[in-house]
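To start, the structure under review is shown below, and the notes come after it.
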Amino acid sequence: MKLLTASFSLFFVLHLAGLWLFSRGFLLNRVTLNDISNLDNTAPDSTHSKAVILIIDALRHDFLLPQNPSNPLYNEHYHNTLTLPSKLTRESPDNSLLYHTYVDPPTTTLQRIKGLTTGSLPTFIDIGNAFSGTSIEEDSLIRQLKNAHKKTAFVGDDTWMSVFPDSFDEQFPYDSFNVEDLHSVDNGVTKHIFPLIANNTDFIIGHFLGVDHVGHRVGPSHETMSTKLKQMNDVLTRVVEAIDDDTLLVVMGDHGMDSRGDHGGDSELETSAALWMYSKQKPLTNSKARTFANSLPHHQGHRTIQQIDILPSLSLLLGLAIPFNNLGGIIPELFPIPSVLRQAQDVTSNQIWKYLKSYAKGQSGHEIKPFLQSLQQKLNLAKEAKSLEEGSYFNKDHTSYYLYSDFFNSTLQSCRSIWAQFDALLMLSGGLLLLMSLPILVGVFNRAGRNSSCDWMKVAVRDAQKAAPWALVVASFFSIALLKGKHIESIIFIICFAVELALSYAVPPLSTPKALDLFGILSHLAIFLSNSYVLWEDRVLLVILQTPILFSLVRAPYANQARMKKQLAIASALIAFTLRLMAGSTVCREELGGWCAVTFYETSSSSLSPAWVYATLIPSAIATYFVLRYSLNVSASFAGFAGIFVGGFTLSLVLGSSYWLLDLLEMKTPSYVLITIKTTLARTNILFAGVVGYTFWYVSTLCIDIKEENRQDGKREVKVLGFSNSYGAYYLLFMLPAFALMWLTNLPTGQLALFGCLIVILVFLELTDYQNDEKALNKLLKRPSKYTKKDGKMVAPPQPRPALWRSAWLAQLGYLLYYSTGHQAVLSTLQWKAAFVGFPKLTYPYAPLLVSINTLSGFILVSLAVPLLVYWKVAPKVNASQSLNTNILRAGSGFVLYNTLITLATLIAAAHFRRHLMVWKVFAPRFMLNGLALLATDATLLAAISLGASITSTKVSRVFKTTAT
């Protein structure tokens with residue numbers, strides 16, 4: 001077992017190193033500069049001395065858009081409810097401006113706070129910081145306010161405290177991640193905002209969270225959203241009455257929300273946010289400026305701007321320097337006097353150009369240098385046109401505005417491409433590490449199971465040690481060619497690549513896979529050759545999974561015995577039917593449009609499961625007891641502690657289902673008591689399943705029972721019930737506590753998918769056993785003399801080595817379960833609700849751990865099941881553990897081989913399509929999914945073998961020796 005543990009530990013390390021190197025080249029972070037801007041002497045005079053900034057989290061643009069009830073898009077729960085902005089815009093068009101803003105993804109609150117205050121662009125990898133903020137050290141609006149000696153105050157979402165600690169003169173933060181609390185933060189903002197306005201505070205930020213929490217909790221199409229938006233409308237009405245003539249009111253959404261109320265991705269609804277600017281007496285614009293603005297881009301009747309443009313415009317209106325890292329342009333109608341607009345655009349372009357030149361001098365300057373000359377030409381053209389222009393700035397025949405806009409837009413587009421810049425050599429080195437692990441896996445798979453021990457591994461290790469010197473030389477040569485100047489990356493690459501070269505020499509592949517093995521692998525790999533197959537992978541997977549099962553069903557009538565015909569037919573049909581039911585649970589990618597129907601949720605715009613799902617949760621949990629009892633009773637293994645253990649496991653599932661029933665009840669009738677009950681229930685269940693469950697498993701006996709009977713001849717006969725499945729039954733119990741934890745973290749429809757997957761795994765094990773029996777019988781019938789002893793007794797053929805297609809089939813089942821539990825390879829399908837199972841507030845490290853378990857349940861469950869391909873219905877024999885160990889190595893290496901191939905395929909696709917329009921929407925999320933899945937399966941399989949299989953093997957061997965004695 002130690003050799004097995006070392007082998008799978010090595011695979012995990014090699015894959016981790018390869019994925020890390022590739023991601024370093026594929027998902028780059030933005031380099032921030034620490035320069036601080038000073039107020040430009042040529043900047044236009046400020047128009048307002050004070051400002052109130054109200055952020056209504058997840059305020060989508062159409063929430064402020066008046067809608068005719070006859071419009072097919074009309075929704076009574078969020079349209080025509082928050083009406084004050086549109087009402088004042090109609091009545092006072094010069095003092096009130098309403099915008100549709102485009103938000104750069106990722107659309108998470110932390111990244112939007114950074115963007116709104118620094119004017120910089122987030123990068124794709126920034127999504128990883130959604131749960132934890134770090135202090136903003138770069139120049140920002142808050143820093144400029146302090147430099148200008150403005151009195152500042154903040155109230156609301158405490159995320160601001162993590163990025164701007166001790167930056168406000170007054171601050172009243174409220175917990176931001178308790179999505180079940182719809183009102184505390186909003187009530188707190190309302191409580192403090194009016195005294196702050198009355199005290200003439202220069203700059204106030206109020207961040208409401210209720211709209212966002214309603215979206216996450218019940219979705220936008222719910223009456224609770226209407227209530228919350230009415231509350232916001234009332235608060236804004238009071239704020240408008242409270243502010244004085246010198247105060248600028250800015251109300252905005254930091255991002256939008258999709259039809260289910262979630263955000264984080266880049267869909268149209270998630271990147272669509274509202275912006276309302278209001279000045280009580282001082283006009284913000286005039287009729288000429290508005291007429292000119294009408295010729296600029298619009299969305300559903302409102303001007304469309306980049307959200308990043310808010311910062312420089314707001315800074316100039318308040319008489320502040322524009323933060324140094326800003327990349328936003330100017331909202332022209334806010335500067336209605338031609339000469340003032342020229343000043344504003346000139347100051348903003350100067351600041352951006354300083355940033356570009358400073359960035360070009362830094363360590364990442366090579367990224368931007370190719371664009372500098374073109375951008376400088378555009379800026380020079382704009383400045384020349386400005387100096388020649390006379391008259392109204394808003395006439396179409398005067399081109400300086402458009403030239404400045406071209407400079408701003410080109411800069412933004414160039415910088416967006418820069419932070420999607422790829423280091424091809426780093427990507428190649430990471431891919432090379434993954435690629436070179438394949439021959440090792442193939443060699444291990446082919447050798448494992450050929451004899452009854454793993455002695456060949458010791459020989460391979462010695463051969464690898466002999467090959468180590470030349471492997472290090474070759475690895476160093478590759479490192480110099482690929483990673484020159486990258487010291488840490490070079491060291492990791494040299495060590496890992498040298499190990500792979502040495503092992504590839506010591507364990508070369510012996511044979512090629514069979515046709516059935518290749519079918520599933522090549523079919524799944526072929527998905528990445530077609531965009532449509534990538535988008536429909538859940539449907540394609542169903543066909544791939546069912547093909548060998550239906551082949552088994554077709555062959556069932558040709559079995560040698562009537563009993564086997566029946567068993568093969570029933571097992572095959574049951575697997576095919578259950579797979580079809582699992583595949584019926586799905587969520588839809590945005591790209592599929594009307595070709596896909598959501599079944600995982602009640603509707604495409606709801607965050608709740610269908611009503612019938614809630615009705616079947618408890619029955620499904622209870623039914624699991626009978627499924628396990630029947631499965632173990634087939635081999636008389638429902639004995640010993642099995643009954644008690646399975647009963648406790650079933651209780652854990654019932655508690656896990658009860659949590660979501662209480663969650664549904666609490667949604668409909670909010671109550672602190674219900675929150676307390678369901679939180680306590682979840683925590684108790686986590687402790688019960690994770691700690692008590694595994695402790696009890698470790699100290700429990702095997703699933704066997706010894707009975708003595710008196711025979712007719714007067715002799716006593718000893719029967720060992722469950723003997724034929726001693727390994728499989730006990731190891732199956734090892735899986736159950738982990739299954740209970742996955743059950744708890746998955747949403748209701750996901751729990752039904754897990755139930756179906758458990759049935760599929762158990763029946764697949766039975767089908768495997770039937771097929772092995774059929775093969776063994778065929779061998780006996782074809783060559784009886786080979787299996788006949790001298791005394792005339794027949795002996796069974798040896799246990800067959802695990803086939804590659806069975807390991808691959810389990811891996812494919814993990815992907816199907818991933819889709820069936822309500823996920824797709826897009827960020828928007830992450831189920832953030834899981835972060836709060838047992839923890840109403842964001843709690844580390846539990847929140848990311850719970851989301852990870854929820855997301856990766858499919859891959860974890862099938863990884864735990866891999867040893868059962870070897871253990872199921874295998875009776876103990878003298879020195880049998882050696883044979884089982886080498887077969888487990890074979891099954892496990894085949895499983896890892898398949899997952900590595902799929903991950904390598906997504907890695908190649910992501911690298912090849914890195915300039916594709918859909919790279920960040922399709923290929924990057926898919927690479928991240930497969931990378932995490934590979935690491936999760938490696939780690940889970942390592943735990944399954946080093947803990948579950950190791951303890952099982954030791955205990956069975958010890959009990960077998962005692963029983964034999």
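Within the 4.5 Å cutoff, the side chain of Leu54 has no heavy atoms near those of the Met252 side chain. The closest side-chain heavy-atom distance from Ser414 to Leu356 is not below 4.5 Å. The shortest side-chain heavy-atom distance between Met257 and Phe63 falls under the 4.5 Å cut-off. Contact of the Ser272 side chain with the His100 side chain is registered, since non-hydrogen atoms from C-beta on lie closer than 4.5 Å. Residues Ser349 and Gln345 fail the side-chain proximity criterion, which asks for heavy atoms closer than 4.5 Å. Ile310 has its side chain within reach of Ile305: a pair of non-hydrogen atoms, C-beta onward, lies under 4.5 Å apart. You'll find the side chain of Val240 reaches within 4.5 Å of the side chain of Leu84, heavy atoms only. Val239 places a side-chain heavy atom less than 4.5 Å from the side chain of Phe194.
Smallest separation of non-hydrogen atoms from Leu141 and Ser315: CD1-OG, 4.0 Å. When all heavy atoms of Ser167 and Ile142 are compared, the closest pair comes out as CB-CG2, 3.8 Å. Between Phe408 and Ile330 the shortest heavy-atom distance is CE1-N, 4.1 Å. Taking both residues in full, the closest heavy atoms of Phe324 and Tyr355 are given as O-CB, 3.4 Å, listed atom of the first, atom of the second, then distance. Closest approach of Val103 to Ala273, counting heavy atoms only: CG2-CB, 3.7 Å. Here the shortest heavy-atom pairing between Leu403 and Leu381 reads CD1-O, 3.5 Å.
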Next item on the list: Begin from the C-alpha positions of Asn233 and Lys228 and carry the test side chain to side chain donor-acceptor pair (under 3.5 Å) through to its verdict.
Entry: CA-CA 9 Å; Asn233 196 67; Lys228 177 56 64 176; over 6 Å; no

Next item on the list: Give the intermediate values and the outcome of side chain to side chain donor-acceptor pair (under 3.5 Å) for residues Gln307 and Tyr99.
Entry: CA-CA 10 Å; Gln307 191 184 65; Tyr99 294 97; over 6 Å; no

Next item on the list: Start with the C-alpha gap between Tyr404 and Asp346, add the side-chain angles, then the distance that decides, and say whether side chain to side chain donor-acceptor pair (under 3.5 Å) holds.
Entry: CA-CA 8 Å; Tyr404 270 118; Asp346 203 38; 2.9 Å; yes

Item checked: Verdict with supporting geometry, Leu341 and Ile337, side chain to side chain contact (heavy atoms under 4.5 Å, CB included) -> CA-CA 6 Å; Leu341 182 54; Ile337 301 174; over 6 Å; no

Margin query: Go through it in stages, so that I can follow the logic: the residues are Ser221 and Tyr78, the test is side chain to side chain contact (heavy atoms under 4.5 Å, CB included), and I'd like the CA-CA distance, side-chain angles, deciding distance and then a yes or no.
Written below: CA-CA 7 Å; Ser221 298; Tyr78 53 77; 4.0 Å; yes

Item checked: Verdict with reasoning, Ser279 to His48, per side chain to side chain donor-acceptor pair (under 3.5 Å) -> CA-CA 9 Å; Ser279 177; His48 295 76; 2.8 Å; yes

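Residue-environment remark: CG (Asp245) exceeds the threshold of 12 foreign heavy atoms within 6.0 Å. Within a 6.0 Å radius of CD in Gln373, no more than 12 heavy atoms belonging to other residues, nucleotides or ligands are found.
Asp57 contributes no side-chain N or O that, together with a main-chain N or O of Leu209, makes up a donor-acceptor pair within less than 3.5 Å. In this structure a side-chain-to-backbone donor-acceptor pair under 3.5 Å is present from Thr190 to Asp186. A donor-acceptor pair is defined here as one N or O able to donate and one able to accept, closer than 3.5 Å; such a pair exists between the side chain of Gln144 and the backbone of Ser37. Without hydrogens or angle criteria, Thr247 side chain to Ile243 main chain gives no donor-acceptor distance under 3.5 Å. Looking at Gln67, its side chain never comes within 3.5 Å of a backbone N or O of Asn80 through a donor-acceptor pair. Side chain of Ser358 to main chain of Lys354: no donor-acceptor pair is present (N/O by atom type, distance under 3.5 Å, no hydrogens or angles). With Asp158 contributing its side chain and Met161 its backbone, the two residues share no donor-acceptor pair below 3.5 Å. With Asp309 contributing its side chain and Gly328 its backbone, the two residues share no donor-acceptor pair below 3.5 Å. No side-chain donor-acceptor contact under 3.5 Å links Thr285 to the backbone of Leu334. Side-chain atoms of Gln351 come within 3.5 Å of backbone N or O of Pro323 as a donor-acceptor pair.
Using a 4.0 Å cut-off between a side-chain N of Lys or Arg and a carboxylate O of Asp or Glu, Glu138 and Lys114 do not qualify as a salt bridge. A salt bridge does not link Asp104 with Arg112: none of the charged nitrogens is closer than 4.0 Å to a carboxylate oxygen. For Asp94 and Arg290, the salt-bridge test passes: some basic side-chain N is under 4.0 Å from an acidic carboxylate O. Classification of Asp202 and Lys50 as a salt-bridged pair fails, no side-chain N sitting under 4.0 Å from a carboxylate O. With salt bridges taken as basic N to acidic carboxylate O contacts below 4.0 Å, none links Lys280 and Asp244. Ion pairing of Asp246 with Lys282 is present here, as a side-chain N (NZ or NE/NH1/NH2) and a carboxylate O approach within less than 4.0 Å.
Distance check: Thr411 OG1 to Leu379 CG gives 8.0 Å after rounding to the nearest 0.5 Å. To the nearest 0.5 Å, atom CZ of residue Phe164 and atom OG1 of residue Thr152 are 11.0 Å apart. The CD1 atom of Ile53 sits 6.0 Å away from atom CG of Leu248, with the distance rounded to the nearest 0.5 Å. The CG atom of Asn95 sits 12.0 Å away from atom CG of Leu249, with the distance rounded to the nearest 0.5 Å. Atoms OG1 and CD1, on Thr201 and Ile197 in that order, are 8.5 Å from each other to the nearest 0.5 Å. The structure places OG of Ser313 at 8.0 Å from CD1 of Ile322, a figure rounded to the nearest 0.5 Å.
In this structure, a donor-acceptor pair under 3.5 Å is present between the side chains of Ser96 and Thr89. When only modelled atom types and interatomic distance are considered, Ser120 and Asn325 share no side-chain donor-acceptor pair under 3.5 Å. In summary, the side chains of Thr109 and His255 do present a donor paired with an acceptor at a separation below 3.5 Å, with no hydrogens or angles considered. Under 3.5 Å, the side chains of His298 and Thr304 contain no donor-acceptor pair of N or O atoms. Looking only at atom types and distance, the side chain of Tyr102 has no donor-acceptor partner in the side chain of Glu268 under 3.5 Å away.
Residues passing the side-chain contact (heavy atoms from CB on, under 4.5 Å) test with Asn34 are Glu137, sequence neighbours excluded. With sequence neighbours left out, Asp262 forms a side-chain contact (heavy atoms from CB on, under 4.5 Å) with His216, Asp258, Arg260. Taking the side-chain contact (heavy atoms from CB on, under 4.5 Å) definition, one finds that Ser259 meets it with Ser605, sequence neighbours left out.
The ring of Phe292 has its center closer than 6.0 angstrom to the ring center of Tyr401. Two rings, from Trp276 and Tyr278, have their centers less than 6.0 Å apart.
Between Trp160 and Phe168, the ring planes are perpendicular. Angles over 60° get that label, and only those under 30° would be called parallel.
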